[in-house]
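As C-alpha cells, the structure follows; a few thoughts come after it.
First the proteins, then the strands, lettered A, B, ... as listed; each starts at 1. Atom set for the values below is all heavy atoms of this structure, side chains included, hydrogens, waters and symmetry mates excluded. Just so we're clear, the structure is a prediction, and the values are computed from it rather than from any experiment.
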There are 2 protein chains.
Amino acid sequence: MMQPMTLEAITDPRPYHHGDLRRALVDAAARILEREGPSALSLRAVAREAGVSPAAPYHHFKDKGELLDAVAHVGWDALGEAMNQAVANARDVHEHMTELGVAYVCFSQRHPALYRVMYDCSRDRDSLPEGMADNDDSAYCMVRETFRKSAGPDVTDLDVELATIAAWCTAHGLAEMSGFAQFAPLKRALGGDEAFLRGVLSHLGAFARRIPPQA
Amino acid sequence: MMQPMTLEAITDPRPYHHGDLRRALVDAAARILEREGPSALSLRAVAREAGVSPAAPYHHFKDKGELLDAVAHVGWDALGEAMNQAVANARDVHEHMTELGVAYVCFSQRHPALYRVMYDCSRDRDSLPEGMADNDDSAYCMVRETFRKSAGPDVTDLDVELATIAAWCTAHGLAEMSGFAQFAPLKRALGGDEAFLRGVLSHLGAFARRIPPQA
DNA sequence: CGTCCGATCTGGACAATGCTTAGATAGCAG
DNA sequence: CTGCTATCTAAGCATTGTCCAGATCGGACG
C-alpha cells in the first residue's frame, strides 16, 4: 500500500546506523531467489546478502518461515498488480477472464522461484497464502469479481465461488507444469509460450463438457 | 552399469549381504512420509528407520534426490493403479473423465505427503516426473487415452494433447489447493469433500465458455 | 576347501543450516 | 550523563547431506 510493489532488487542504501533491516532482509531474500533459486534461499544466506550476522533476522522474524511469508506477501502483491494491469488493458469484459489467466501464468514464468515460495510457505499451514485474497485488489478477489460481473442474475454466490476455485486451480496447475521440457515441442508447434497457454486454456471446455453439471 | 538404467524396471530379487536394502529404504521413506510428513523425511531418518548407518543409502542412491525419485516412482505407480480402478468401475465411457479426476484428487488427499514428493522431486528437474507418463497404464497416459477414445474424428492429436494437459493442470491445482481451510465452509455446504470436488469440476465450463476457442 | 575380490555396510568427519543464548552497542528518554 | 530498550554480534548446539577410510560379508576362482 505504502511501498511500491515492484520486484526489483533495489539496493536501498539507508545509512541509518542500523537501517530498516526488516525491509532489507526481504529485499535480500528476493534478490537471492531471482539470482540463485529457492534452494539457495537459506536464512544465513539472506543475512549474508544483507550484510548482517546470521542471528540478526531473528529480531525481525520469528523464524525462517516468517521471513518467507513476508517474501511471499510481496509476491502476491506483485501478482495482483500484474493482473490489474492485464484487466486494464483488455478491451471488453469477456476478455477479462482470459487475460487474467494469461497474466497469472506469465507472472509465474517470469518469477518461478518467487512463485514457488508463494505457495510453499502456505502449504505447511493448510490455509490460503497471506496476501492472496486479503483485499479487493488481490489476485484471487479479482478473479471472483470478474466472475461476478459477467454472471447472469441466476448465478448464486456459491456458483461464483466454485467457478473461481476452478479457474484458480487450473491456472495454478498450468503455472507449475508449463515449464516441463516435454511440452517444448508442443509450444514450438503452436508458436510460443503464450500461444501454448491460450491453447491449453481453450481446451478447458472439452474437459468440462464431459462432466455432468452437479450430482 | 550392471543395473538397468531404467529405474527398477524389474524387481531384482537379489538378497544381498543385508537383504534388499534398496527396497527397504524406499519402504522406510514411505513409512516416514505417511507418519510424520515431508519435513521429517531426511536421509538420516530413513537410514535410522531402516536400521542402517547414515552412509548406507549412498551405496544404492547417488544422493537424497535419487531416493526421493524412487519413492515418487512408487507413488506414480499407485496413482496409476487407483485411476485404473476408477475407470474400471465407471459405467459408461462418458463417466471416465469425471472418475479419473475424482480418483486423482482423492489419491492426493489420501496421501498428501507422498503426492507432494511426487511433484517436488521433478520440479527441480524441469521435466515430467518419472513414472507419470512412462507406460500406457501410467496416470497421464490414461487421461490422454480417455480423451482420444471419446473424441470425434475431427479432433487432432494436438487437440487431444492440449486437452489432456488442461485436465491434468486442473486436477493438479485442485489436489494442491482443496486442502486449504478456507474451503471448509464451502465443503460443508455442499456435503463433503467429494461433492466439493465434483462441484468445482462442474464449474470448469463456466470458465471455459469465456475463453474464445484458439486465437 | 581356501583365497581373494568386490560389493556392501560402519564409524567418523566436514561444512552448512536453523535456532538459541549471552553479551555488546546504539539510540533515546529522563 | 544515566539508564532502558531495541537491535545486533559472537559463540555454540543439534541436525542435515555428503564423503572417506576401513571392516565385513558373499561368492567366484583356483
What's the closest nucleotide to the [X] side chain, out of [options]?
X: B:His59; options: C:dT17, C:dC9, D:dT16; value: C:dC9
X: B:Arg48; options: D:dT18, D:dC8, D:dT16; value: D:dT16
X: A:Ala56; options: C:dC19, D:dC8, D:dT18; value: D:dC8
X: A:His60; options: C:dC19, D:dT16, D:dC8; value: D:dC8
X: A:Leu43; options: D:dT9, D:dG17, C:dC19; value: C:dC19
X: B:Val52; options: C:dT10, C:dC19, D:dC8; value: C:dT10
X: B:Asp63; options: D:dT18, D:dT9, C:dT20; value: D:dT18

Distance, rounded to the nearest Å, where [X] contributes [atom1] and [N] contributes [atom2]:
X: A:Lys64; N: D:dT16; atom1: NZ; atom2: P; value: 15 Å
X: B:Tyr58; N: D:dT16; atom1: OH; atom2: P; value: 12 Å
X: B:Leu21; N: C:dT10; atom1: CG; atom2: C1'; value: 13 Å
X: B:Leu25; N: C:dT8; atom1: CG; atom2: P; value: 12 Å
X: B:Phe61; N: D:dG17; atom1: CZ; atom2: P; value: 14 Å
X: A:Lys62; N: C:dT20; atom1: NZ; atom2: C1'; value: 14 Å

### Task
Determine, step by step, whether A:Phe107 and A:Trp76 satisfy the ring-ring contact (aromatic ring centres under 6.0 Å, His included) criterion, reporting the C-alpha distance in whole Å, the side-chain angles of both residues, the deciding distance to 0.1 Å, and the verdict.
CA-CA 10 Å; A:Phe107 177 90; A:Trp76 286 107; 8.4 Å; no
### Query
When the nearest nucleotide of DNA chain C is assigned to A:Ala55 and to B:Ala55 on a heavy-atom basis, which residue is associated with the more 5' position?
B:Ala55
### Query
Between A:Ser138 and A:Asn135, do the side chains contain an N or O donor and an N or O acceptor separated by less than 3.5 Å?
no
#### Entry: Any side-chain donor near an acceptor of the partner, A:Ser178 and A:Gln109, under 3.5 Å
yes
### Query
Using 4.0 Å as the upper bound for N to carboxylate O, is an ion pair formed by A:Glu36 and A:Arg31?
no
### Query
Does A:Phe196 offer a backbone N or O that forms a donor-acceptor pair with the side chain of A:Asp193 under 3.5 Å?
no
### Query
Side-chain donor or acceptor of B:Arg22 under 3.5 Å from a matching atom on the base of C:dT8?
no
### Below 4.0 Å: OP1/OP2 of D:dT16 and any side-chain N or O of B:Ser42
yes
